[in-house]
There are 2 protein chains.
Amino acid sequence: MGRLDGMTAMAPARNEPDLSFLLDHTSHVLRTQMSAALAEVGLTVRMHCVLVHALEEERTQIQLAELGDMDKTTMVVTVDALEKSGLAERRPSATDRRARIIAVTEEGARVAARSQEIVDRVHREALGALPKQEREVLLRALNRLAEGHLAVPSADGTARRARQQVK
Amino acid sequence: MGRLDGMTAMAPARNEPDLSFLLDHTSHVLRTQMSAALAEVGLTVRMHCVLVHALEEERTQIQLAELGDMDKTTMVVTVDALEKSGLAERRPSATDRRARIIAVTEEGARVAARSQEIVDRVHREALGALPKQEREVLLRALNRLAEGHLAVPSADGTARRARQQVK
DNA sequence: TATTGTTATACTCTATAACTATA
DNA sequence: TATAGTTATAGAGTATAACAATA
């Protein structure tokens with residue numbers, strides 16, 4: 001699952017708070033824990049995300065892709081995996097014959113209930129390592145950042161070069 | 001610079017604190033801001049990381065790779081870039097003729113001073129969006145997590161399959 | 001025999017392009 | 001003309017393997 005790559009110690013040996021390292025490290029490690037925990041029920045993070053959103057209401061692949069911040073081509077692969085596992089099915093939309101509704105199977109609903117418990121448990125275990133008051137302030141502060149100064153990604157430095165024509 | 005991919009709303013619509021989303025989102029956005037800011041002085045995050053560590057004392061590529069949590073092959077590419085920009089040079093180690101010391105040039109030291117200011121500024125701007133007390137608790141809590149429950153990555157679910165023989 | 005640094009390359013991931021079928 | 005979903009594939013990133021020089 002890769003490395004942190006350079007974010008380790010952006011502010012080394014100077015006793016400056018290294019927010020980059022802290023956020024990258026904790027999110028990276030939490031993600032490995034989440035992936036490992038969800039693997040126990042045969043899900044990836046993406047599959048869990050799609051299952052849960054598809055259970056809420058009738059949604060098309062594009063709608064699910066937007067909710068999970070995935071590309072529509074990534075969604076194809078994810079739905080393929082869910083279908084192969086028998087957890088969801090593609091059904092034609094009643095109102096738009098181009099679109100497919102992702103219908104969660106009974107088995108899919110059972111797995112989703114378990115996977116949601118797993119997600120909550122992993123989060124609880126992480127937060128449980130903190131004093132209650134510290135935990136609440138942490139969540140409030142992260143929410144404030146996520147909604148404010150760290151709401152939207154900066155213009156993409158890694159912008160792709162103009163793509164070569166395929167044919 | 002990619003997406004968050006499924007981490008968006010691990011705990012949707014349930015008013016559960018979604019630590020995965022918060023950490024992934026904030027670290028992702030901060031990273032885009034950092035990359036964009038460092039691009040102003042022609043550096044990547046990795047180049048900055050290597051420069052700063054190489055300035056502290058005489059270090060070989062392998063030592064710098066470990067400090068920055070990079071693969072040694074990634075370090076080759078990073079040092080190539082630093083050399084091409086005239087910011088660092090490979091020098092033979094006096095004690096081990098296999099190893100190369102990464103020596104920062106004068107220009108490299110100037111750039112590193114500026115890039116460190118940029119890193120600190122980006123961090124200050126992010127943290128500045130928070131009330132002072134909240135900021136301090138956030139850093140304390142993240143440190144506690146990074147040193148405790150979220151210290152080391154979980155066994156890698158994405159383990160590579162056995163590699164095919166090359167020749 | 002082990003390690004440093006290098007090159008070459010295989011693997012994974014993601015996104016772009018192009019296509020089909022609808023709208 | 002535009003959009004939903006699909007397929008194919010380009011491109012970037014990263015890690016593995018093999019190698020030369022040296023320990």
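Heavy atoms only: backbone and side chains are in, while hydrogens, waters and symmetry mates are out.
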(request) Could I get the full list of side chain to side chain contact (heavy atoms under 4.5 Å, CB included) partners for B:Arg59, not counting sequence neighbours? (result) B:His53, B:Glu56, B:Glu57, B:Gln63, B:Leu64, B:Leu67
(request) Kindly write out the residues that satisfy side chain to side chain contact (heavy atoms under 4.5 Å, CB included) with B:Pro92, not counting sequence neighbours, or none if the list is empty. (result) none
Rounded off to whole Å, could you give me the [atom1]-to-[atom2] distance for the [X] and [N] pair?
X	N	atom1	atom2	result
B:Arg91	C:dG5	CZ	C1'	18 Å
A:Gln61	D:dT3	CD	P	17 Å
B:Gln63	C:dT3	CD	C1'	13 Å
A:Met75	C:dA15	CE	P	12 Å
A:Ile62	C:dA23	CD1	P	15 Å
B:Asp80	C:dA8	CG	P	12 Å
B:Met70	D:dT16	CE	P	17 Å
B:Arg90	C:dT7	CZ	C1'	12 Å

Strictly distance-based, threshold 3.5 Å: is any side-chain N or O of [X] a donor or acceptor partner for the main-chain N or O of [Y]?
X	Y	answer
A:His149	B:Leu130	no
B:Ser154	A:Gln33	no
B:Ser35	B:Thr32	no

(request) Report yes if a side-chain nitrogen or oxygen of A:Arg46 is closer than 4.0 Å to either non-bridging phosphate oxygen (OP1 or OP2) of C:dT14; otherwise report no. (result)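 Result: yes.
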(message) Heavy atoms within less than 4.0 Å of DNA chain C: which residues of residues 97-104 of chain B have one? Give them sorted by number.
(response)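 When residues 97-104 of chain B is checked for heavy atoms under 4.0 Å from DNA chain C, the hits, listed by number, are B:Arg98, B:Ala99, B:Arg100.
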Select one nucleotide: of [options], the one nearest the side-chain heavy atoms of [X].
X	options	result
B:Thr73	D:dT7, C:dG5, D:dT16	D:dT16
A:Thr60	D:dG5, C:dA15, D:dT22	D:dG5
B:Lys72	C:dT4, C:dT7, D:dA4	C:dT4

(request) Mind listing the closest non-hydrogen atom pair of B:Arg144 and A:Pro131 along with its distance? (result)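 Minimum heavy-atom separation between B:Arg144 and A:Pro131: NE-CD, 3.7 Å.
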(request) Verify salt bridge (Lys or Arg N to Asp or Glu O under 4.0 Å) between B:Arg110 and B:Glu107, making sure each step is shown before the conclusion. (result) CA-CA 5 Å; B:Arg110 275 194 295 273; B:Glu107 171 69 2; 3.0 Å; yes
